[in-house]
Amino acid sequence: MNRVALITGSGRGIGAATARQLAARGYGLCINYKSNRAAAELLVAELRRKGGSVISVQADVSVEAEVTALFRELDEKLGVLTALVNNAGILLPQMRVESMDAERINKILTTNVTGYFLCCREAIKRMSRKYGGSGGAIVNVSSAAARLGSAGEYVDYAASKGAIDTLTTGLALEVAAEGIRVNGVRPGFIKTAIHADGGEPDRIARIAPSIPLQRGGEPHEVASAICWLLSDEAAYVTGSFIDIAGGR
Ligand code: NAP
């Protein structure tokens with residue numbers, strides 16, 4: 001069976017590292033991005049040079065109509081979806097809870113939670129044996145923040161990732177008998193541009209001494225766990241989480 005994966009938010013960061021590893025394993029790939037078209041197109045060109053079957057599709061995962069259009073384009077151009085990596089996520093400038101307004105909280109929740117739900121919904125319609133599909137695997141990219149809480153930084157973001165852990169547990173049980181495995185990864189302190197969005201580009205250097213392994217993580221170290229969870233080597237794994245946070 002051809003393997004086809006959608007990785008949301010994969011023009012850069014952990015998503016792009018995952019795309020590189022899945023392409024090397026022979027997956028047809030859909031690279032999704034929200035606004036950084038240049039990064040997504042550079043990645044597509046790199047993977048095509050290596051022989052990959054890759055498309056890029058712009059879509060904001062927090063907007064329902066854009067998610068349905070994304071999946072329709074994937075259906076037409078790549079065929080049957082077998083793997084979904086829910087990865088597109090945001091955080092906003094560090095602040096305490098008493099300073100947060102509804103607009104900020106809702107922005108975090110619609111991207112980090114609603115977006116994951118919508119993509120799961122579309123993936124299930126394509127993968128589930130209940131709808132004539134042949135099964136598949138979903139990996140939700142959560143965060144160590146779901147366990148740690150991100151006090152003084154972004155409790156809203158941490159709470160959104162807590163919701164993703166619950167989604168992973170519940171959905172894994174809901175669709176297990178239909179041939180779909182659902183698992184989560186909980187990265188922490190990975191060297192990507194997301195920390196600059198929180199207002200502290202050098203956050204990992206500050207935190208590194210308090211991480212048991214004494215360093216930040218690399219995007220490819222998260223990608224390896226995602227690829228394993230999607231693979232047949234993990235065929236008996238569902239509703240599980242891999243923590244990739246240097247021991248924190
Ligand atoms: P990143 O480098 O900032 O990349 C984020 C990606 O998400 C970008 O490709 C961005 O698209 C995309 N994106 C953002 N909002 C989107 C939306 N509404 N619709 C579609 N795509 C959207 O972040 P990262 O560090 O790789 O993070 C990836 C995931 O890992 C996130 O879920 C994050 O919460 C999680 N995570 C990261 C860390 C860490 O330390 N880095 C730790 C724990 C968890 P554009 O390129 O178009 O902007």
Side-chain angles (χ1 to χ4, degrees), residues 6-20 30-44 56-67 69-71 84-94 106-119 139-150 153-154 156-165 167-168 184-208 211 215-223 225-226 241-246 248:
L6 165 63
I7 311 167
T8 64
S10 49
R12 51 201 180 86
I14 291 167
T18 305
R20 289 188 176 94
C30 178
I31 306 296
N32 155 252
Y33 64 98
K34 182 184 174 196
S35 43
N36 194 334
R37 183 175 175 180
E41 286 188 349
L42 261 180
L43 179 63
V44 169
S56 65
V57 180
Q58 189 282 330
D60 180 339
V61 295
S62 69
V63 179
E64 189 165 17
E66 296 192 23
V67 171
L70 162 66
F71 276 79
L84 166 67
V85 182
N86 262 323
N87 169 77
I90 56 165
L91 49 73
L92 291 169
Q94 297 171 356
N106 289 334
K107 189 170 180 196
I108 291 289
L109 294 178
T110 54
T111 301
N112 295 4
V113 182
T114 308
Y116 277 44
F117 268 87
L118 293 173
C119 291
V139 172
N140 290 325
V141 179
S142 172
S143 172
R147 294 182 287 107
L148 301 172
S150 302
E153 294 188 317
Y154 16 70
D156 52 350
Y157 169 83
S160 75
K161 295 302 188 177
I164 292 312
D165 286 359
L167 163 66
T168 301
V185 293
R186 283 190 293 238
F189 327 110
I190 309 302
K191 297 171 194 164
T192 72
I194 203 168
H195 307 286
D197 298 338
E200 192 184 3
D202 297 328
R203 176 172 175 263
I204 289 179
R206 168 174 64 82
I207 293 173
I211 298 171
R215 65 171 177 87
E218 302 292 339
H220 72 82
E221 295 178 300
V222 181
I226 295 171
F241 299 89
I242 300 179
D243 290 302
I244 310 148
R248 278 278 287 274

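One-based numbering, in listed order, for ligands and for the atoms of each. Since the structure is predicted, the reported quantities are computational estimates derived from the model, not experimental observations.
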Part of [X] within contact of ligand 1 (heavy atoms, under 4.0 Å):
| X | answer |
| --- | --- |
| Ser142 | backbone |
| Thr8 | neither |
| Lys161 | side chain |
| Asn87 | both |
| Thr111 | side chain |
| Arg37 | neither |
| Thr192 | side chain |
| Tyr157 | side chain |

Would you mind checking which non-hydrogen protein atom is closest to [atom], with the distance to 0.1 Å?
| atom | value |
| --- | --- |
| atom 42 (C) of ligand 1 | Pro187 O, 3.6 Å |
| atom 19 (N) of ligand 1 | Val61 N, 3.0 Å |
| atom 21 (N) of ligand 1 | Ala88 CB, 3.4 Å |
| atom 1 (P) of ligand 1 | Arg12 NH1, 4.0 Å |
| atom 5 (C) of ligand 1 | Gly89 O, 4.0 Å |

For ligand 1, find out whether one of its N or O atoms is nearer than 3.5 Å to an N or O atom of [X].
| X | result |
| --- | --- |
| Ile190 | yes |
| Ser143 | no |
| Ile14 | yes |
| Tyr33 | no |
| His195 | yes |

Is there a heavy atom in Ala59 that sits closer than 4.0 Å to ligand 1?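 Judged by the 4.0 Å heavy-atom criterion, Ala59 does count as contacting ligand 1.
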
Is Ser35 close enough to touch ligand 1? Criterion: a residue heavy atom under 4.0 Å from a ligand atom.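 Contact check Ser35 vs ligand 1: positive.
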
Find all atoms of ligand 1 within a distance of less than 4.0 Å from any non-hydrogen atom belonging to [X], and give their numbers and elements.
| X | answer |
| --- | --- |
| Val141 | 29 (C), 30 (O), 35 (C) |
| Gly11 | 9 (O) |
| Ile90 | 14 (C), 15 (N) |
| Gly13 | 2 (O), 26 (O) |
| Asn32 | 20 (C), 21 (N) |
| Asn36 | 45 (P), 46 (O), 47 (O) |
| Phe189 | 40 (O) |
| Asp60 | 17 (C), 18 (N), 19 (N) |

Which residues share a side chain to side chain contact (heavy atoms under 4.5 Å, CB included) with Ala163, sequence neighbours left out: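 Once residues adjacent in sequence are excluded, the partners of Ala163 under the side chain to side chain contact (heavy atoms under 4.5 Å, CB included) criterion are Val113.
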
Partners passing side chain to side chain contact (heavy atoms under 4.5 Å, CB included) against Thr168 (at least two apart in sequence or in another chain):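 For Thr168, the residues satisfying side chain to side chain contact (heavy atoms under 4.5 Å, CB included) (neighbours in sequence not counted) are Asn140, Ile164, Val182, Phe241.
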
Closest candidate by heavy atom, reference atom 7 (O) of ligand 1, pool Ala17, Gly9, Cys119, Ala40: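 Among Ala17, Gly9, Cys119, Ala40, the closest heavy atom to atom 7 (O) of ligand 1 comes from Gly9.
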
Can Asp165 and Arg147 be said to form a salt bridge (Lys or Arg N to Asp or Glu O under 4.0 Å), step by step? CA-CA 10 Å; Asp165 286 359; Arg147 294 182 287 107; over 6 Å; no

Taking atom OH of Tyr116 and atom CG of Asn87, what is their separation to the nearest 0.5 Å?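 Rounded to the nearest 0.5 Å, the OH-CG separation comes out at 5.5 Å.
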
About how many Å separate CD of Gln58 and CG of Asn32, when rounded to the nearest 0.5 Å?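 Asn32 CG to Gln58 CD: 7.5 Å, rounded to 0.5 Å.
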
Checking the side chain of Glu221 only, and the main-chain atoms of Glu218 only, is there a donor and an acceptor separated by less than 3.5 Å?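 Between the backbone of Glu218 and the side chain of Glu221 there is a qualifying donor-acceptor contact (under 3.5 Å).
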
Answer yes or no: does atom CZ of Arg37 have more than 12 heavy-atom neighbours from other residues, nucleotides or ligands under 6.0 Å?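 No, CZ of Arg37 has 12 or fewer neighbouring heavy atoms, counting only those of other groups under 6.0 Å.
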
